[in-house]
Amino acid sequence: MEFVYIFIPLLPLLAFVVLALGGSRFPSDSHKIGIPAIAGSFILSILAFVQVLKNGPIDVPLYTLLESGNLTIDLGLHIDQLTVLLLLLVTGVSGVVHLYSSRYMIDDPKYNRFFAVIALFTFSMLMVVMSRNLLMLYFFWEVMGLCSYLLISHAADRKSAGQAATKAFLVNAVADLGFGLGVILAFRTFGTLDIPQILELAPAMANDTVNVLAWMGLDLHIRSVTLISLLLFTGVMGKSAQIPFHVWLPFAMEAPTPVSALIHAATMVNAGPFLLVRLSPLIILSPFAMTVIFIIGATTAVFAGLVSLTQSDIKKILAYSTMSQIGFMVMACGLGAFAVAIFHLLAHGCYKAFFFLSTGNALRSVEQGLGHGDHEHPVSDDMGILYGGALLLALLPPLVLFSGSYEYLWGVTGFISATIGFKVIGLITVFVTSQYLFKGVTSLFVHGPKTYWPASGQHSLETQSVRPQLLNGSILTGLFLATVFVGGLLTLFWSWFADFLAPALTFPGVTLGEGAVEHGFPFWLVVSLGVAIAGWVYAYSTQVRSQHQVSRASRISNRWYVLFWNKFYVDEIYDTYIVNPIIRLAQRFSRSAETREMRQSMWKFSLQTMPLSDMLVFAKPRLIGHNILFLIFGFVFIMSLLYILS
Amino acid sequence: MTSSLPGFLFAIPFFAAIVIPVVGFTNQKLCRPIALGALVFLSIVSVIGLSEAISHGPLSHEFGGWAPPIGIEWVIDGLSGLLMVAISVVSLIALVHAGPLVEKELSGRVIPFYSLSLLLIAALGGMVLAGDLFNLFVFLEIGSLASYVLVGVAGGRSLLSAYRYLILGTIGASLYLLGVGYFYAETGTLNMADMALRLPDVLDSRAVLTGLIFIVLGLSIKMGLFPLHGWLPDAYTYAPDSCTPLLASVVTKVPLYAFVRIAFWVFGMATVTTQIPILVVLGWVGAVAAIVGAYRAIWQENFKRMLAYSSVSSMGLIMLGFSLGTETGFAGGLFYLLADTLMKAALFGVAGAASYQYGASTVTDLARLRRNMPWVLAALVISALSMVGIPPTAGFFGKWHLVVGALEAEKYFAVVAILVTSMLTALYFFRMFQRVWAEESLPLVEPHVLETPFPIKMSLGVLTFWIIALGLGSDLVMGLIFESVIPKGF
Amino acid sequence: MADILLYRPHFVAFIILFLLGIYIMVVCLNLVKKLIGMYIMQTSIMLFFITLAVKEDSTIPIILPSVTALAPEAYANPLPHVLMLTAIVVGVSTLGVSLAMVIALYREYNTLEEDQILEKMK
Amino acid sequence: MLSNHLLSWLLVLPSLGIGALCCIRDREMVNRVALASTLLTFGLSVIIWMQFDFAKADMQFVERFELMPTLKVQYALGIDGISLIMVVLTALLTPIAVLCSWNTIKTNLHVFMVLILLLETATLGVFLSLNLVFFYIFWELTMVCAYFLMVVWGGPGRSSAGLKFVLYSFGGGLLLLLAILGLYVQGGQTFDLVTLSDYAFSTSTQYWLFLAFFLAFAIKVPMIPFHAWLPGAYAESPTAGSVILAGALSKMGAYGLLRVCLPLFPEASIYFAPFILWLSIAAIIYGGLMALAQTDLKKLVAYSSVSHMGFVTLGIFVFNSQGIQGAVLQMFNHGIITAALFIAVGQLYDRTHSRAISDYGGLHKPMPRFVALFFLFSVAAFGLPGTSNFIGEFLVLVGTSYVSFAMVIISMGGIVLAAAYMLWMLQRVVLGEPSTEAAKVLPDLAIRELATLIPLAILVLCIGLYPGPLMEMMDASVTHLIHQTTGLQVDEISQLPLRP
């Protein structure tokens with residue numbers, strides 16, 4: 001019976017294979033393969049949810065990938081409470097995006113490629129959340145990156161798309177270096193890569209240390225759990241666009257909007273927090289790692305929020321907002337509030353998907369020559385949805401974080417001093433979030449969209465008129481309502497949620513106590529809601545007063561503004577201090593190899609003989625070389641004397 | 001019958017050499033069939049001689065009824081039989097190859113060419129067979145005279161190199177004769193076998209040492225051993241293309257044979273390595289010769305000159321092999337000698353063919369072989385690869401045995417020298433290939449290019465075949481050498 | 001040194017002739033002069049051989065039927081003479097060939113001076 | 001007859017093809033005969049694979065008879081798990097090489113095909129020989145064939161590249177000869193590998209012989225200070241030449257290390273291992289950096305090959321199951337992937353006659369099928385999970401982690417570099433707008449061209465997803481090899497401690 005769950009990832013995979021191999025035969029019907037597959041997965045996910053709810057985790061063994069010495073990699077699916085929630089999220093959002101795209105992308109020349117890749121993506125994301133083995137997880141973690149690359153470079157004609165895709169992949173590759181190292185270290189520490197086994201063994205190995213400077217002959221012992229956690233967290237930082245690996249996400253907005261919704265907001269970037277939660281029993285053993293995670297998450301949350309304030313492109317604003325939200329989840333993980341992070345993750349996934357999709361709609365209408373002040377008629381509907389969504393998103397963090405059992409949950413790690421920092425950062429983020437979202441939505445219609453579809457002839461008014469807006473509108477509305485419903489429900493039944501998730505997070509020594517719910521609806525929730533609304537109002541008021549904040553700002557704030565607007569110059573710093581030096585070094589190597597080749601003209605053997613050869617003593621242009629004869633001369637003389645003297 | 005075999009071996013080419021002018025006077029076209037017929041006969045007889053010598057021990061033939069040591073004795077044993085076979089077969093092929101070339105470049109001198117070639121072959125045979133030192137001298141000079149003339153027969157520039165060859169060759173011969181005089185003064189005999197018995201008593205005498213040095217010097221000039229190779233590059237470069245395959249392949253090898261005969265049979269292994277350690281010196285000389293010859297070959301633009309320096313290098317290698325003082329080294333040297341005979345004949349044959357058809361003389365000109373001459377090109381490639389030492393050709397196994405010998409003798413300088421030489425050889429031959437298949441488009445070809453004449457193609461084909469066959473049959477040849485050639489004393 | 005001159009004067013003479021021949025071959029630029037040097041060198045070797053055969057109070061090694069044979073010691077060694085006879089033939093033919101070459105060279109270059117020939121060949 | 005001498009037939013089949021080709025001039029027939037004979041060889045290699053007993057560690061299908069008794073040369077062929085993989089690789093790549101030169105070789109096609117077949121015979125011979133003399137003969141033969149393929153049918157810079165290649169290879173070959181003969185003189189007058197591996201050499205002898213062998217093999221691999229011949233040779237060869245050169249010939253070096261250096265000179269191997277490991281790491285990084293700076297597509301692939309072979313040598317000299325199995329797997333993968341990349345670049349070259357990256361761009365529009373395959377091989381080249389390189393690199397890195405984590409980190413940096421140069425190249429070649437008008441109408445791959453790439457693509461994915469069969473194939477042999485090198489018993493090898 002269990003093996004039926006193999007079809008959860010298998011259906012999208014089959015869809016991918018069919019589309020990739022034969023997609024060109026039915027170019028405009030590709031969605032007819034993708035959508036049923038995803039729908040099937042979604043239904044199976046619901047079944048799995050019910051099953052898990054009833055009987056607890058499910059294990060589906062697959063096959064043995066490889067055996068080499070003491071290394072054995074058994075692939076298998078592990079479906080527990082955590083997985084099942086993410087399965088629902090992924091298949092759900094993916095299904096919606098499939099539906100949406102079937103209309104949105106209809107006149108795209110690479111229609112079938114698009115569906116093939118998102119099917120592959122869905123497959124690999126499902127495998128990431130279901131995989132039982134760390135290597136398998138890493139495996140699909142990378143495949144997701146590949147899909148992201150393929151989708152960012154979807155509009156390959158644009159140079160910027162190609163650059164963005166390369167950048168996204170490379171930043172992730174650097175980060176995954178840490179991930180890979182973490183996998184290897186985990187194997188060397190635990191002797192296995194099976195995640196449940198590792199989590200079981202972890203407490204026993206808590207005091208195991210690694211001498212990281214052994215190769216220099218020095219002594220610096222670090223606990224291996226700390227090291228593994230940090231290394232794996234590096235991968236998380238890449239995939240979830242945490243500082244300092246965040247640079248790729250804004251550029252990834254080169255992808256079509258449904259992709260941004262699916263990958264760069266709702267699912268792939270969520271893999272990071274998911275991994276942290278999945279490995280929570282391991283990470284929690286290392287307070288140092290927890291602190292680092294907290295700091296990175298918090299910094300990202302604030303930083304991304306600040307930057308997004310200054311952006312004028314709606315998709316970039318959303319990208320930074322995503323970063324900020326995920327920073328929030330990571331921060332929660334760093335505090336030990338894993339359930340909160342997951343809750344936030346699910347809610348954010350739904351909201352963000354909705355938000356991006358509606359932005360796509362809005363962009364479509366603006367872009368058809370209707371933007372820039374000519375937006376009264378077609379825009380107004382969408383404007384309402386956008387504003388509503390923006391408000392909701394702004395209120396999400398406080399709703400999640402300052403409700404329920406957060407205090408208890410993050411109190412688990414026990415460092416009280418962080419409490420104040422957490423709260424301050426939380427409030428700042430809330431304030432900033434509500435502000436930038438508002439501004440983002442308005443700026444879309446004030447400044448006009450900066451990127452997305454090029455003004456090519458592809459999207460003519462004819463195709464525009466064919467597209468039924470109604471369907472998309474209804475999907476969005478449905479999604480919106482569903483998210484509100486689910487969000488509200490979960491908020492209200494928080495304790496149920498926490499209890500459901502608890503088995504996946506349990507680790508020896510810590511148990512979720514009763515009474516977490518009693519702390520619900522405290523003072524802080526009210527405060528944060530207030531702050532959010534204050535931000536909203538502030539943004540609205542400034543927006544009304546002036547559209548050009550720069551001109552009005554004082555000199556100091558002006559400077560800050562420029563700093564934010566330039567995203568703290570992180571891209572420039574990377575280019576100057578990392579990318580360019582490496583390329584320059586490579587070119588220097590290459591040049592020196594070339595000049596060496598030039599110098600070795602010996603290889604080319606110019607047609608003249610080498611002058612040196614004429615300088616050799618034995619080649620005098622005389623009939624009888626003197627040297628030879630004098631040699632003989634001398635010999636004869638000496639030998640004759642020898643004989644005579646004998 | 002069999003006891004007079006050595007006599008036959010000399011007589012066949014010698015009488016052919018005499019008959020040719022007589023017959024040729026009436027009908028010039030008969031020269032070639034006579035010469036080739038004589039050589040075919042000679043080859044057959046020498047093969048018989050070799051097999052007889054192997055199966056029944058050395059055959060000796062006394063002249064005029066005088067028994068050795070007083071009488072003149074001709075001996076055919078394993079070594080001389082082997083050399084004889086090599087000489088007769090290679091010169092047969094070389095003369096087959098020479099046919100079209102002679103008609104083209106020596107059209108007025110067909111008779112002297114064939115006559116002198118046969119005289120040269122007869123003299124070489126005589127040297128190989130001679131059982132006493134003075135006889136060897138006489139044949140050395142006869143052979144040299146023939147080759148002087150062959151070098152200069154085309155006139156022009158080749159005359160000067162022939163003259164130079166003559167002067168230096170005569171000095172060499174004189175030195176050899178002088179050395180023989182010293183030996184005679186000490187031992188009172190000229191017969192090699194007899195001298196070998198008497199020499200041990202007088203080894204302390206400086207006269208023997210002096211004589212040996214003179215002989216080695218004299219033969220070194222004749223065989224073109226560095227640094228006494230001065231005559232060789234010019235002679236090979238300017239000699240007519242019809243003569244070079246013959247000259248380059250065997251003429252220098254036979255003086256080397258004479259040296260080997262004297263060093264290992266007359267003196268014996270123990271003497272030349274310990275009491276009069278001439279082999280040590282010659283080992284070093286051979287090593288330097290091999291390297292310098294190969295190095296100088298790199299920079300040659302003229303193809304035949306490059307091959308000439310390559311001969312200098314090969315001679316060094318062979319000498320190195322003989323001087324290693326181990327059985328394998330000796331056998332390796334001998335094997336390489338045989339291999340080099342074939343390879344040089346083939347390479348100079350290619351040079352002749354190239355110049356016959358395209359007037360190509362420089363390495364760069366060889367590129368023209370690409371057009372219309374695939375078989376010649378193939379012969380060039382295979383023989384060049386053999387020179388470089390690519391398996392499974394003869395050249396490879398030659399180097400193989402040399403290295404084994406050097407390793408067994410623990411003479412590491414020799415190992416290094418062989419390897420360096422191989423590397424340099426590879427350099428100039430692959431540089432040649434580089435020119436042959438250069439990126440530049442081929443120079444405009446003369447409007448009417450002949451088909452390569454059949455004799456040239458055939459002889460090159462046979463030589464190439466033998467190069468590979470000798471490589472693949474290396475085991476048999478080495479077995480034969482180990483069994484019936486290696487002198488006592490190792 | 002004096003002893004050598006006294007007891008082995010023939011060796012000294014041979015060495016001097018030999019070296020002289022070589023010296024001429026090296027130093028003289030005229031091709032014919034070189035040949036002269038060459039022949040002197042060859043002759044010196046003959047001298048050397050012949051002197052080897054010499055014995056004091058010996059007679060020529062010819063046994064006539066009319067004369068009773070003496071003890072072997074009483075005859076000069078005949079072998080070197082025979083050898084040198086051959087060597088002379090060889091030397092003469094060498095000289096003949098070389099002179100023919102010189103004639104051909106002269107026809108080609110109109111000179112017998114080495115420098116000039118080399119100059120013309122360039 | 002056939003069943004008793006399977007390995008000999010493996011050598012004979014291409015030779016039969018050579019014989020047939022000598023009599024044929026018709027282009028189409030020449031192609032067909034060459035293809036048929038290579039395919040038959042491949043089929044035979046698959047049959048051998050089927051009949052191979054994976055559980056045994058020692059040589060199988062052994063054939064011996066005295067060939068040259070005086071020289072102690074035996075005709076000895078045998079195969080174990082490691083050489084079986086190499087044989088299959090070679091037999092697989094050659095038909096593909098024949099296919100990809102179907103129409104592209106304009107002159108002397110039959111000679112070209114003869115050389116290809118000869119090269120195949122020689123390469124197979126290297127992998128099958130149990131006698132060092134045979135090993136050497138085939139070794140040199142490969143060099144000669146590859147040289148002539150390069151210098152006759154090669155690209156514009158072929159002369160100097162060919163000379164460089166042949167001199168390096170020949171120098172290496174001489175060292176190999178010296179080493180083999182040294183082994184013969186020192187090791188009881190035999191050339192037999194099986195006998196020699198039981199022979200205990202004294203330590204100093206081991207050092208010298210090891211160094212000579214190592215240098216010879218390192219030039220072939222090539223390892224870092226000896227790589228100067230590589231870019232030219234790979235870039236200037238005709239496509240088929242590059243395919244076999246990079247695909248099969250560079251494996252001979254690594255194979256030699258496994259077959260000769262490790263089992264015969266265990267002490268020396270362990271003594272020099274750190275040095276070689278650092279050289280390998282230098283190769284990984286240096287090759288990556290050089291590839292990053294290349295403007296020529298073929299040179300880029302060539303330098304990436306330096307980097308990949310660095311992983312192979314890295315894996316070999318860590319002396320544990322993961323490392324060596326990973327290395328062997330990497331040899332196979334590198335053979336397939338680099339060959340495929342060369343074929344792809346060759347297909348581009350056939351269309352535009354340019355190898356410069358800057359002459360391309362926007363290929364995704366006119367050539368979608370090509371781009372899909374090219375993309376697959378490019379990402380496979382830097383070890384994206386799902387492709388075979390990932391498994392190999394991961395195993396090598398796990399193996400290396402037993403030695404040093406610093407090395408693991410640096411070599412992972414090499415993987416990132418690989419991703420950088422490959423993706424950057426893709427960005428410039430595949431993405432964007434076509435650079436010229438002509439580039440917009442390039443024809444997509446024809447069936448024959450697809451037939452060269454698709455089998456390789458399938459293999460890359462299959463091994464990436466299920467490397468089990470290959471791992472099983474070499475498991476026993478590798479364990480035996482480690483046992484010979486380190487002296488550990490079999491159960492110790494499979495249960496290495498968690499931390500060094």
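Computed from a predicted model, the values in this text were never measured in an experiment. Only heavy atoms go into these numbers, but all of them, side chains included; no hydrogens, no water, no symmetry mates.
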Residues B:F430, D:F165; criterion ring pair (Phe, Tyr, Trp, His ring centres under 6.0 Å); working and verdict: CA-CA 10 Å; B:F430 283 116; D:F165 163 70; 9.3 Å; no
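Within 6.0 Å of atom CD in D:E66, more than 12 heavy atoms from other residues, nucleotides or ligands are found, so the atom counts as buried in its surroundings. Residue-environment remark: CZ (B:F482) exceeds the threshold of 12 foreign heavy atoms within 6.0 Å.
Contact record, D:S160 with B:Q434: N-NE2, 3.9 Å, taken as the closest heavy-atom pair. Among all heavy-atom pairs drawn from D:S159 and B:W437, the shortest one is OG-O, 4.1 Å.
Within the 4.5 Å cutoff, the side chain of B:K399 has no heavy atoms near those of the D:L174 side chain. Using a 4.5 Å cut-off on side-chain heavy atoms (C-beta onward), D:V73 and B:D475 make no contact. Contact annotation: the side chain of D:L177 approaches that of B:F396 to within less than 4.5 Å [non-hydrogen atoms, C-beta and beyond]. Using a 4.5 Å cut-off on side-chain heavy atoms (C-beta onward), B:P391 and D:Y136 make contact. Using a 4.5 Å heavy-atom cutoff, the side chains of B:L385 and D:Y147 are not in contact.
Interatomic distance, CD1 of D:I137 versus CD1 of B:I390, reported as 11.5 Å (0.5 Å rounding). For the atom pair NE2 of B:H401 and CG of D:L181, the computed distance is 10.0 Å after rounding to the nearest 0.5 Å. The CZ atom of B:F397 sits 4.0 Å away from the CE atom of D:M68 when rounded to the nearest 0.5 Å.
For a residue to count as touching a neighbouring chain, one of its non-hydrogen atoms must lie under 4.5 Å from one of that chain's; by this rule D:V185 touches chain B with the side chain only. For a residue to count as touching a neighbouring chain, one of its non-hydrogen atoms must lie under 4.5 Å from one of that chain's; by this rule B:V404 touches chain D with backbone and side chain alike. Only the backbone of D:L67 comes within contact range of chain B, with heavy atoms under 4.5 Å apart. For D:V151, the parts sitting under 4.5 Å from any heavy atom of chain B are the backbone and the side chain alike.
For B:W400 and D:F191, the gap between ring centers is short of 6.0 Å.
Most heavy-atom pairs under 4.5 Å with chain D, from the set B:V381, B:L407, B:I418: that is B:L407.
Between the B:R431 side chain and the D:L163 main chain, no donor and acceptor come within less than 3.5 Å of each other.
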